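These figures come from a predicted structure and were not determined experimentally.
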Amino acid sequence: QQRRLSAQRKAEEEALFGQLHQVKSNIASLRDMIESRGTGQEYVDSLRNTMDTVENDIFSVRQGHHSKVEALSAEEQQLTDAVAAIEAEIVDWLSFDDTAASKQRPATAGTRPSTSTHQNGAVQTRSKVAAMINQPQLPPEVVAVDRILKEHGGSTGGWDDT
């Protein structure tokens with residue numbers, strides 16, 4: 001993939017330098033014609049044709065690159081919109097997970113999930129029971145039962161709660 005893109009850029013670069021060389025040589029021939037200071041209608045027609053050629057070459061180079069810039073700009077806008085849509089979906093998933101977790105697995109007897117902010121800025125949700133288990137004020141029997149439940153898949157034994 002990388003080599004293909006590199007080869008593509010190299011080909012575009014060579015094409016651009018070829019076009020610019022063509023414009024440069026046409027400008028040089030125009031300069032030579034002007035410096036020769038010819039006279040007559042034939043000289044004026046030749047000068048006019050050379051000027052038109054230079055102008056058309058410059059226009060075609062500019063037009064070609066303008067269309068490439070337009071295409072890249074449109075692609076950038078599409079990618080920006082896609083990233084914004086995916087970001088919105090992720091935010092929706094995260095908010096759905098927080099609300100779904102509190103609805104699907106109700107906390108013990110009237111407790112609500114509490115949130116705390118981790119060091120990296122992420123919000124963690126945990127119930128008051130989980131916070132109390134980490135405190136040594138609970139009787140050892142309660143801590144042992146909670147530990148056994150946690151080790152063996154919770155109150156549903158690892159099965160879905162449906």
Report the residue from Asn56, Val61, Val54 that forms a side chain to side chain contact (heavy atoms under 4.5 Å, CB included) with Ile58.
->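 With Ile58 as partner, side chain to side chain contact (heavy atoms under 4.5 Å, CB included) holds for just one option, Val54.
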
Salt bridge (charged side-chain N to carboxylate O under 4.0 Å, His left out) assessment of Arg147 paired with Glu151 = CA-CA 6 Å; Arg147 183 180 47 77; Glu151 289 173 358; 3.3 Å; yes

Closest non-hydrogen atom pair, Leu16 against His65 |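 Taking Leu16 first and His65 second, the nearest heavy atoms are CD1-NE2, 3.0 Å.
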
Flag if over 12 foreign heavy atoms under 6.0 Å of [atom1], [X]:
X	atom1	answer
Tyr43	OH	yes
Glu55	CD	no
Glu89	CD	yes

Would you check if the side chain of Ser73 reaches a backbone N or O of Val69 as a donor-acceptor pair within less than 3.5 Å?
-> no

For Ser46, does its backbone N or O pair with a side-chain atom of Thr50 as donor and acceptor, under 3.5 Å?
->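 It does hold such a pair.
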
When rounded to the nearest 0.5 angstrom, what distance separates OG in Ser6 from CZ in Arg9?
-> 5.0 Å

Hey, any chance Trp93 and Ile86 share a hydrophobic cluster, counting ILVMFWY side chains that come within less than 4.5 Å of each other, even indirectly?
-> yes

Same cluster for Ile34 and Met51 if Ile/Leu/Val/Met/Phe/Trp/Tyr side chains link at under 4.5 Å?
->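 Linked within one cluster.
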
Compare all side-chain heavy atoms of Glu87 with those of Ile90 and state whether any distance is below 4.5 angstrom.
-> no

Which pairs count as salt bridge (charged side-chain N to carboxylate O under 4.0 Å, His left out) when at least one residue sits in residues 37-51, sequence neighbours excluded?
-> Asp45-Arg48

